Structure formats: C-alpha cells, structure tokens
Amino acid sequence: MINAAAQMSLRDAMYAMSLAKAVPDAELLDEFARRYPNHANALTEFAIELAIDSLMHRNDEEDFPADTDTISPIVSRVMSQFENQLYERRQARAVTPPARAATTSVANPFADLDRQEFRRLVSQLDVSNVFLSKLRDRNIDPVTIPKGYCRHLAEETDEDFEAMSAHLYAAQESVAAGRQLYKAEGKPKTVPRQTFEQAVRSSGLTEAQQRRLLSFRD
Amino acid sequence: MARPLVKKNDKGVLTRPPGIEGKIDIALAQDWATLSRRTRETNPRSDDLLPSECLVHLIRDAIRRGDDRVARVLMPQLLKRAEANLERTVPDSRIRNAESIRHDILSDLAMMFTQDGTEGHEGELDFYECKFLRALRFLRIDHVRKALVKRKELTDLPQTDDGEGEAAFDDEMLARLSRMASIGPSQENALYLPEVIAALDRLPAHQKRAVILRRIIGHTEDETAKIMKVKGRTVRGRLRRADKQLKTLKEDL
C-alpha cells in the first residue's frame with residue numbers, strides 16, 4: 001500500500017524541503033527520498049538548486065521596503081489582480097448552493113449527543129445549556145476563544161485539540177435539529193457570532209461560572 | 001486563538017513555530033488602529049514588528065471572515081516585503097526579464113490568498129505561516145527555473161562589489177565552501193567565496209552536479225555516483241577536473 005506521504009504532491013514535498021533546513025544536506029535529502037520515493041529524482045534536483053541558492057543569498061533575513069507608504073508599479077498591478085480575484089471569489093460564494101456547502105463541513109463533536117448526553121456535558125463543563133449551544137452552533141467568534149478553554153473543551157469531550165479547534169473555526173451550521181430534539185418555531189438559522197466574553201455574559205451563567213470561564217487564557 | 005493549520009506531512013499537521021503562534025495570538029486581540037500602525041514597523045528589533053508569517057495569518061483570517069477591508073490594507077505591506085526580497089534575489093542584473101518574473105511570483109503569492117481553501121489549494125499558505133521566507137524561496141526557485149528552461153538562458157551571478165555577497169555565508173557554509181575550494185576556513189576567505197561560487201556556477205553541468213552533491217550536500221562518493229547514475233570513478237574524475245579549475249581560481253586570487 002502506498003502511504004500518504006508517498007502520495008504527497010511534489011510541490012508540497014518541495015515546500016517541505018525548503019522549510020526544513022537553510023542548506024540541504026545528505027541526511028535531509030536521504031530522508032526526503034525515503035519519505036517521497038515517487039519524487040526522489042525531482043527532489044534531488046531541487047536540493048541541488050536549493051544548495052546553490054543558499055550559497056548565493058541570505059535566505060533567513062527579512063527584507064523591508066525603504067518606504068512603507070509608497071507602492072511600486074508591480075505591487076500596484078498585483079493588488080489590482082488581487083482585488084478582482086477577491087471580488088470574483090465573493091460572487092462565486094454567493095451563488096454556491098447550500099447543499100454543496102454542507103458536504104464540506106467539519107465534524108461537529110457535539111452533533112451526535114442526544115438530549116441526555118448534552119445535559120450531562122453541560123453539567124460536566126459547569127456551563128449553561130445556552131452557552132454549550134453557542135459552542136455547538138459555532139456562534140462564538142473563534143478568534144476570541146482562549147486557547148486554554150479550547151484545550152479544556154477538547155479534554156472534557158475526549159477530542160483532539162485540533163479537531164475541537166477546527167470545529168470552532170468552521171462555518172456556522174445549525175445542528176440544533178439533530179439528536180437533541182428541541183422544539184423550534186421555524187427553520188434554524190445562523191446568527192451573528194458573539195465574542196467569547198459576550199457569549200459568557202449573555203448565556204444565563206452565574207457570576208462564579210462567568211468568572212471561571214473568563215479566567216481562561218491562551 | 002490562531003486558526004489551526006491543515007496541511008499535513010508524514011509527521012502530522014504542520015505547526016507554526018511557538019514564537020509565531022504567540023505573536024499571532026497577540027495580534028488577533030489587538031484593535032485595528034494598533035495593527036495598522038504595526039504593519040508599518042520595519043525595525044527588526046522592535047517588539048511592534050509583525051513577522052510576515054503573522055501578516056499571512058491575519059490576511060487569511062480577514063478573507064475567511066469576509067473582512068476584505070483588512071485584507072486590502074495588509075496585503076500591500078506583505079507584497080512590498082516579498083518584493084524587497086525578490087529585488088535582491090532576482091535582480092535585473094542576473095536574469096533577463098527579471099521584473100516580469102518578480103511580478104509573476106508576487107501575483108502567484110497574492111492569488112494563493114484568493115484561492116485559499118478552495119479545491120486544489122488546501123493549505124498551501126500554511127507553509128508561509130510557518131516560515132515565510134523559506135516558502136517564498138521555493139516559489140522563487142520554481143519560477144526562475146521555469147523561466148530559464150523556457151528561455152534556455154544561463155544566469156550570471158551577482159557582482160561581488162555591491163556588498164551583498166560576503167554576508168550570505170554562515171559558518172557552516174563557509175567551512176563547506178572552504179573545503180570545496182581548498183581554502184582555509186578563516187573569515188577573511190569569505191571575501192573570495194563569491195568568486196568561488198561564480199567559478200562553480202561556470203563549471204560544466206555534470207561537474208557542478210558532482211561538486212554540489214559531494215562537497216556541498218555532503219553525500220559520499222558512492223551515493224553521489226548512485227544519484228548521478230554513473231560509476232564511482234566517473235564521479236572522482238569529474239571532481240578532479242572541477243577541483244583543478246577551482247584551484248586555478250585560488251591561485252589567481
């Protein structure tokens with residue numbers, strides 16, 4: 001069976017080699033040839049180019065423009081392309097059917113909980129139903145969630161930190177109509193995301209619960 | 001909290017260096033006015049300096065959140081830094097149409113952001129969030145190589161009297177190059193190294209390959225022969241001829 005590393009694209013393998021060391025050496029080249037046997041020859045050629053490049057340039061020192069306010073003609077042209085592409089991306093997103101968006105969704109670690117399990121987790125985490133629902137429905141801006149709390153959530157739910165983090169960062173989608181079977185007046189819909197602090201303050205938590213949640217840090 | 005990376009290698013998901021991760025977390029918590037000021041900081045010793053890896057993350061994050069205004073303000077600063085790097089590494093003096101190549105590289109970099117997360121473009125920018133300059137190095141080498149193949153044009157190395165060449169070598173490379181050209185490892189020999197590299201670059205392709213694999217990358221003679229698909233004595237012959245030319249250079253210095 002061909003392993004995942006062997007199937008990694010040549011482009012990714014070259015990126016990885018370039019990142020690994022400032023100047024490639026025999027050990028690195030051997031390691032990459034072993035990890036990506038399909039690309040061994042191309043990676044050897046690339047290592048030679050990296051070695052020559054390393055001789056010629058300082059590669060690990062940032063260059064800064066002399067004037068941060070002036071934009072060169074090249075950057076100006078590229079920015080124009082960038083703006084056009086960004087606009088097209090927004091237009092394309094606007095017409096993407098919801099069904100397609102759903103197929104690319106990230107696993108939601110709370111989605112499969114039934115009503116009892118959900119309540120048990122509320123109690124275990126010492127939060128309110130409302131607050132856990134916000135975490136489940138990705139109604140909290142992930143940038144504002146302390147890494148420490150994300151780690152705590154992952155531990156309490158036996159999830160990987162990365163998986164929990166990916167869930168919190170994924171696009172909003174309602175799972176309230178899943179196994180937790182709450183009554184609803186109409187179709188579930190996404191709501192604007194709150195900051196972590198706003199969510200803590202507006203979820204019917206006691207003062208002590210709020211203090212504890214807000215004490216988590218990155 | 002910084003969004004986790006998705007690009008995987010055989011050791012798992014890529015991770016940012018801890019220092020970068022910490023700086024991203026700080027930047028994400030800062031208001032727009034502070035960030036805007038920090039993007040203009042260019043003193044490498046200043047605590048306010050935003051590393052390019054952070055800029056990449058902030059731009060990606062802004063685009064994902066639909067905050068194009070932030071992306072439009074941060075992107076020119078990132079492109080200007082990349083352009084400054086390319087003006088040094090792909091100078092007009094080294095390759096024909098260098099400006100066009102620099103434009104293509106910057107354009108590719110900018111388009112990565114607009115295609116980020118779409119099919120076929122999953123996580124390429126993750127490399128740039130880990131080590132921006134080394135990721136950019138791959139993109140640069142890739143573009144220059146394609147341009148050279150297309151034009152079948154040989155490169156000339158940059159002149160050494162512009163002060164750029166001497167500082168390019170670290171001690172390890174100095175030692176390797178010194179061994180290669182049979183020059184003692186003292187710092188003063190750094191002055192001669194650009195000439196050594198220029199001479200190396202002028203060697204016939206098969207000799208240059210033998211020298212790089214054996215003397216720079218550090219393969220054994222057998223490994224070099226295996227990679228080059230020739231016999232050991234052929235490698236020895238190529239190295240001998242290369243050494244002869246490089247030693248001639250040393251005598252001329």
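So you know, we letter chains A, B, ... as the sequences are listed, proteins then strands, and number each from 1. These numbers were taken from a predicted model, which means no experiment stands behind them.
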### Interchain contact, B/Met112 with chain A, by part (heavy-atom threshold 4.5 Å)
side chain
### Query
Between atom CZ of A/Phe64 and atom CG of B/Asn43, what is the distance when rounded to the nearest 0.5 Å?
8.5 Å
### Message
Between B/Leu136 and chain A, with a heavy-atom cut-off of 4.5 Å, which part of the residue counts as in contact: side chain, backbone, both or neither?
### Response
neither
### Task
Considering only NZ, NE, NH1 and NH2 on the basic side and carboxylate oxygens on the acidic side, decide whether A/Arg11 and B/Asp142 come within less than 4.0 Å.
yes
### Task
Spell out, as yes or no, whether a donor-acceptor pair under 3.5 Å connects the side chain of B/Arg137 to the backbone of A/Ala22.
yes
### Message
With a 4.5 Å cut-off on side-chain heavy atoms, are B/Lys208 and A/Ile52 touching?
### Response
yes
### Task
Determine the minimum heavy-atom distance between B/Ile216 and A/Ala51, stating which atoms define it.
CG2-CB, 4.0 Å
### Under-4.0 Å salt bridge between B/Arg81 and A/Asp63
no
### Task
Go through the steps for B/Phe127 and A/Asp12 under the test side chain to side chain contact (heavy atoms under 4.5 Å, CB included), then give the verdict.
CA-CA 9 Å; B/Phe127 293 113; A/Asp12 281 356; 3.6 Å; yes
### Summary
When the 4.5 angstrom heavy-atom criterion is applied to B/Leu213 and chain A, the contacting part is side chain
### 4.5 Å side-chain heavy-atom contact, B/Leu106 and A/Gln81
no
### Message
Is B/Met111 in contact with chain A via its backbone, its side chain, both, or neither, using a 4.5 Å heavy-atom distance?
### Response
side chain
### Message
Run A/Asp141 and B/Arg65 through salt bridge (charged side-chain N to carboxylate O under 4.0 Å, His left out) and show every step you take.
### Response
CA-CA 10 Å; A/Asp141 183 353; B/Arg65 287 187 288 105; 5.6 Å; no
### Query
Where on B/Ala29 is there a heavy atom nearer than 4.5 Å to chain A: the side chain, the backbone, both, or neither?
neither
### Query
Between CD of B/Glu87 and OG of A/Ser72, what distance do you get to the nearest 0.5 Å?
7.0 Å
